[in-house]
2 protein chains.
Amino acid sequence: MSEEWTGPGGTLGLVRWIGLAQRKAAEDWIRTRGLSHEQGFVLGYLVQNPGSIQRDIAQVSRTAPASVSSLLQGLERRELIERRTENGDERRKRVYATPAGAELVAGFADAVAAVDETILEPLTADERAALDALLLKITAKLPQPTRP
Amino acid sequence: MSEEWTGPGGTLGLVRWIGLAQRKAAEDWIRTRGLSHEQGFVLGYLVQNPGSIQRDIAQVSRTAPASVSSLLQGLERRELIERRTENGDERRKRVYATPAGAELVAGFADAVAAVDETILEPLTADERAALDALLLKITAKLPQPTRP
DNA sequence: CATTGAATGTTAGAGATCTAACTGTTAGGG
DNA sequence: CCCTAACAGTTAGATCTCTAACATTCAATG
């Protein structure tokens, strides 16, 4: 769900609109795996960032540390992740996706790429380049989505 | 939260990135009102579409009818909405935002517009027009966000 | 060392959301 | 009329998510 109920008015209203289409596709894909949106995000993040600690996961997923705790408990119960402490620091728990966990979300990136291609289909190569340049100019000034 | 953990790679990765910034701002605004994301969306929708029935709300909010039922119960308990049947059809329950409900989300559209302006700040007027044209070309082919 | 403070996670309890099964209502043939 | 099927919404039970308070572990300081 999203905040586009003001209607797709204005340039960034269009961005919201496109984002909705992307989001819907991604959510549907994840739900077929029996995962919530957040669980899917975290599991995918762990595949690409093995050994992250929960504090970092909370940051990138924009949820409270307590929520990450519960969320990981759910994933651990299903044996999609493992947690263990390393290097003699008993505070930090390193989190890893299990093979089963990695397998469950494998193909997500490809699915997203395929949807993106469909969305971009109306544009020529030149137009895509122009769009890319404009968006880059915007995102250059945007705060980084925290990514250690 | 979102699905951008593939990294902001590719043109539409940038769109996801911008969408995240918009979304974060909107969520923060809504949370200060003590509403969840979904509750904020539905309440805002009801202000603009008074008398909607729950089935339609489920459609536009992309949630299950049962979830809408619980969600509206929460809003009703806080007296932000009302439900009543009309026209002798006992099945359909028409939903209305109360004045308190409407007041609670008043100003949301303005807040969103202000954030959008900040995000677009790096672009000149010509560039904004070019971006607008490109995005329009894309959204023209996109499925309508269901809006009766 | 002992103390203090910061960093990291967890638990508890409330509320929200999902799926599946259920109740009640309307409409359309036989 | 009745019967059936579609429609609208709710309830039940499990899981998830949030806030607030709490434990535990490390690190710095005297």
Side-chain angles (χ1 to χ4, degrees), chain A residues 1-2 23-24 27-43 46 51-96 146 148, chain B residues 1-2 23-24 27-43 46 51-96 146 148:
Chain A
M1 177 143 20
S2 196
R23 186 180 177 81
K24 173 164 173 42
E27 277 183 2
D28 289 349
W29 192 95
I30 285 177
R31 283 226 170 275
T32 64
R33 264 71 181 172
L35 296 173
S36 78
H37 194 52
E38 280 78 6
Q39 289 175 322
F41 174 88
V42 169
L43 192 49
L46 286 173
S52 299
I53 64 171
Q54 299 188 195
R55 192 184 174 292
D56 292 338
I57 296 173
Q59 276 241 320
V60 298
S61 64
R62 298 219 327 271
T63 62
S67 300
V68 174
S69 206
S70 322
L71 189 157
L72 291 182
Q73 283 173 4
L75 292 178
E76 199 168 33
R77 215 178 309 129
R78 292 168 63 181
E79 304 192 350
L80 300 175
I81 61 154
E82 291 181 342
R83 288 186 277 186
R84 43 180 195 270
T85 56
E86 289 175 0
N87 290 331
D89 188 336
E90 292 298 319
R91 281 181 310 184
R92 297 158 173 262
K93 298 199 177 171
R94 307 238 165 225
V95 188
Y96 298 88
T146 325
Chain B
M1 175 135 31
S2 197
R23 186 181 176 80
K24 174 164 172 41
E27 277 183 3
D28 290 349
W29 192 95
I30 286 177
R31 283 223 173 277
T32 64
R33 265 70 184 173
L35 296 173
S36 77
H37 193 53
E38 279 78 7
Q39 289 174 324
F41 174 87
V42 169
L43 192 48
L46 286 173
S52 300
I53 65 171
Q54 299 188 195
R55 192 185 174 292
D56 292 337
I57 296 173
Q59 276 240 319
V60 298
S61 64
R62 299 220 327 271
T63 62
S67 301
V68 173
S69 205
S70 322
L71 189 158
L72 291 181
Q73 283 173 6
L75 293 179
E76 199 168 34
R77 215 177 308 130
R78 293 168 63 183
E79 303 192 352
L80 300 175
I81 61 156
E82 293 181 340
R83 287 186 278 186
R84 43 181 196 270
T85 56
E86 290 175 359
N87 290 330
D89 189 335
E90 291 299 319
R91 281 182 308 184
R92 297 156 175 263
K93 297 198 176 170
R94 306 237 164 226
V95 188
Y96 298 89
T146 325

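Only a predicted model underlies this, so the values are computations on that prediction, with no experimental measurement involved. Order of the sequence lines fixes the chain letters, A, B, ..., with proteins taken first and strands second; residue numbering starts at 1 for each chain.
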inquiry  = With heavy atoms of chain A within less than 4.0 Å as the criterion, where does contact along DNA chain D begin and end?
reply    = D:dC16 to D:dC26
key: Test item: A:R33 and A:Q39 side chains (from C-beta on) under 4.5 Å apart, heavy atoms   = no
request  = Flag the pair B:L75 / B:L71 as yes when at least one side-chain heavy-atom distance between them is below 4.5 Å, and no otherwise.
outcome  = yes
Atom-pair distance (CZ on A:R92; C1' on C:dT10), nearest Å = 17 Å
remark   = From CZ of B:R77 across to P of C:dA14 the rounded distance in Å is 13 Å
ask   = Closest nucleotide of DNA chain C for B:G74 versus for A:Q73: which of these residues is on the 5' side?
value = A:Q73
inquiry  = Do B:L80 and B:L35 have side chains that approach each other closer than 4.5 Å (heavy atoms only, starting at C-beta)?
reply    = yes
query = Any side-chain heavy-atom pair from A:F41 and A:I30 closer than 4.5 angstrom?
reply = no
ask   = Between C:dA16 atom P and B:L80 atom CG, what is the distance in whole Å?
value = 11 Å
inquiry  = Whole angstroms only, please: what is the CG-P distance between B:L43 and C:dA16?
reply    = 13 Å
note = Rounded to the nearest 0.5 angstrom, the CD1-CZ distance for A:I57 and A:R55 is 12.0 Å
Separation of C:dT10 C1' from A:I57 CD1 (nearest whole Å) = 15 Å
query = With sugar-phosphate meaning primed atoms plus P, OP1 and OP2, does B:R83 contact a base, only sugar-phosphate, or nothing at under 4.0 Å between heavy atoms?
reply = sugar-phosphate
remark   = Comparing nearest nucleotides in DNA chain D, the 5'-proximal residue of the pair B:R55, A:G34 is B:R55
key: Side chain of A:S69 - closest among C:dT8, C:dT11, C:dC18   = C:dT11
Give every pair of a protein N or O atom and an N or O atom of nucleotides 21-25 of chain C that lie under 3.5 Å apart, one pair per line with the distance.
none

query = Are side-chain heavy atoms of A:L72 and A:I81 found at a separation under 4.5 Å?
reply = yes
ask   = Can you find a heavy atom in the side chain of A:R94 that is under 4.5 Å from one in the side chain of A:I53?
value = yes
ask   = Atom CD of B:E38 and atom P of C:dG15: how far apart are they, to the nearest Å?
value = 17 Å
key: Whole-Å distance separating the CD atom of A:Q39 from the C1' atom of C:dC18   = 12 Å
inquiry  = I need the CZ-P distance between B:R62 and C:dC18, as an integer number of Å.
reply    = 11 Å
task = Using a strict cut-off of less than 4.0 Å between a Lys/Arg side-chain nitrogen and an Asp/Glu carboxylate oxygen, indicate whether A:R31 and A:E27 qualify as a salt bridge.
result = no
query = According to the side chain to side chain donor-acceptor pair (under 3.5 Å) rule, which pairs have a member within residues 64-81 of chain B, sequence neighbours left out?
reply = B:E76-B:R83
request  = Look at all strands and tell whether A:S67 reaches a base, only sugar-phosphate, or nothing, counting heavy atoms closer than 4.0 Å.
outcome  = base
